[in-house]
Amino acid sequence: MNTPPFLIAEIGCNHKGDMAIAKELITTAALFCKVDAVKFQKRHSKELLSEEQYNSPHPNPANSYGNTYGEHREALELSLDQNRELKEWCEELGLVYATSVWDMTSAREIVSLEPKFIKIPSATNLNSEILDYLCRNYNGEIHLSVGMTTQAEELAIVERFEKHGRNKDLVLYSCTSGYPVAFEDICLREITRLRESYGNRVKKIGFSGHHLGIAADIGALALGAEVFERHFTMDRTWKGTDHAASLEPDGMRRLARDLRNVNKSLAYKPTEILEVEAVQRAKLKI
Ligand SMILES: C=C(OP(=O)(O)O)C(=O)O
């Protein structure tokens with residue numbers, strides 16, 4: 001029997017800074033879509049951004065929730081206490097809660113919540129201070145995306161985890177960092193390359209998708225990905241970069257269903273003629 005796929009609805013900042021929307025997304029992900037986990041993002045924008053970046057306008061003003069990029073990021077941020085409340089809400093609904101951490105303060109804060117896993121986004125995977133901190137101070141799984149990352153950087157990341165003796169807690173995600181990603185840029189065979197290079201050095205290979213539809217995720221499953229992350233929103237037309245690259249509830253529900261069904265079907269025939277076929281063989285075969 002194949003390991004069941006693990007599907008994460010990436011809420012990220014799609015709650016728009018509103019706890020009611022965050023809870024509605026969690027409840028829908030649990031009860032309607034039946035995913036395994038939901039994920040958020042934690043940032044301290046004053047720590048993460050230079051003063052100049054903080055005070056500059058959003059590069060795409062139509063997507064901005066504030067007068068500057070920094071204000072925009074703050075408007076989309078939930079506090080540590082709010083994250084604690086969301087984790088409790090997830091637990092009540094039987095969902096795994098997780099968060100990606102974008103800076104050291106966020107890493108320390110989220111470690112204190114003791115989630116089942118913590119994610120390192122592609123943008124932060126070269127921050128050795130965060131990687132070392134998590135390897136030393138956090139015992140759960142560490143999930144890490146390799147969008148915007150060279151193969152030499154990728155190897156150095158895996159070696160860093162090995163040096164800490166934490167590589168068997170590492171889930172490495174293939175990812176193309178684009179919003180949304182065109183089909184020709186998804187590059188699903190990167191999953192095969194990651195499996196061949198690191199399959200026996202890390203815990204699992206995953207796929208973090210920012211594309212349209214759900215077909216590519218099924219391809220990723222067939223190529224051996226075991227963990228799947230897709231952005232999740234109540235409405236793809238809402239303002240913001242991630243919404244357009246997200247699945248709405250019915251898309252997420254169909255993805256969860258199809259991943260599980262295709263996973264069951266990925267097998268060789270255990271006998272040359274299956275039981276179901278024996279009946280047909282007696283009736284139909286000439
Ligand atoms: C941006 C994130 O991930 P990825 O690099 O997989 O898109 C994230 O997890 O916050």
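One-based numbering, in listed order, for ligands and for the atoms of each. The structure displayed is predicted, hence computed values, not measured ones.
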Query raised in the report: Is there a heavy atom in His210 that sits closer than 4.0 Å to ligand 1?
Result: yes
Under 4.0 Å from one or more heavy atoms of Ser208, ligand 1 contributes atoms 4 (P), 6 (O), 7 (O)
- Query: Does Gln41 reach ligand 1 with a nitrogen or oxygen that is under 3.5 Å from one of the ligand's nitrogen or oxygen atoms?
  - Reply: yes
| Would you call Arg160 and Asp132 a salt bridge, taking side-chain N to carboxylate O under 4.0 Å as the test? | yes
For atom 6 (O) of ligand 1, the closest protein heavy atom turns out to be Ser145 OG, 2.5 Å
Exercise. Hey, is ligand 1 close enough to Lys39 that some N/O pair sits below 3.5 Å?
Worked result: yes
Glu10 heavy atoms within 4.0 Å reach ligand 1 at atoms 8 (C), 9 (O), 10 (O)
closest protein heavy atom to atom 2 (C) of ligand 1 is Pro121 CB, 3.4 Å
The atoms of ligand 1 lying under 4.0 Å from a heavy atom of Trp102, numbered in the order shown, are 1 (C), 10 (O)
field: Cation-aromatic face contact Lys119/Tyr173, 6.0 Å, 45 degrees
entry: yes
For atom 5 (O) of ligand 1, the closest protein heavy atom turns out to be Ser122 OG, 2.6 Å
query = Do Ser246 and Asn14 have side-chain N/O donor and acceptor atoms under 3.5 Å apart?
reply = yes
- Check: His72 ring centroid to Tyr69 ring centroid under 6.0 Å: yes
Next item on the list: Verify salt bridge (charged side-chain N to carboxylate O under 4.0 Å, His left out) between Glu141 and Lys203, making sure each step is shown before the conclusion.
Entry: CA-CA 9 Å; Glu141 282 176 14; Lys203 181 164 187 162; 3.2 Å; yes
Going by the 4.0 angstrom heavy-atom rule, the piece of Ser100 near ligand 1 is side chain
If you scan protein heavy atoms around atom 3 (O) of ligand 1, the nearest is Lys119 NZ, 2.9 Å
### Cation-aromatic face contact Lys116/Tyr97, 6.0 Å, 45 degrees
no
(request) Return yes if a side-chain donor-acceptor contact under 3.5 Å exists between Asp235 and Thr237, otherwise no. (result) yes
Going by the 4.0 angstrom heavy-atom rule, the piece of Tyr173 near ligand 1 is neither
* Is the cationic atom of Lys42 (NZ for Lys, CZ for Arg) positioned less than 6.0 Å from the six-membered ring centroid of Trp102 and within 45 degrees of its normal? -> no
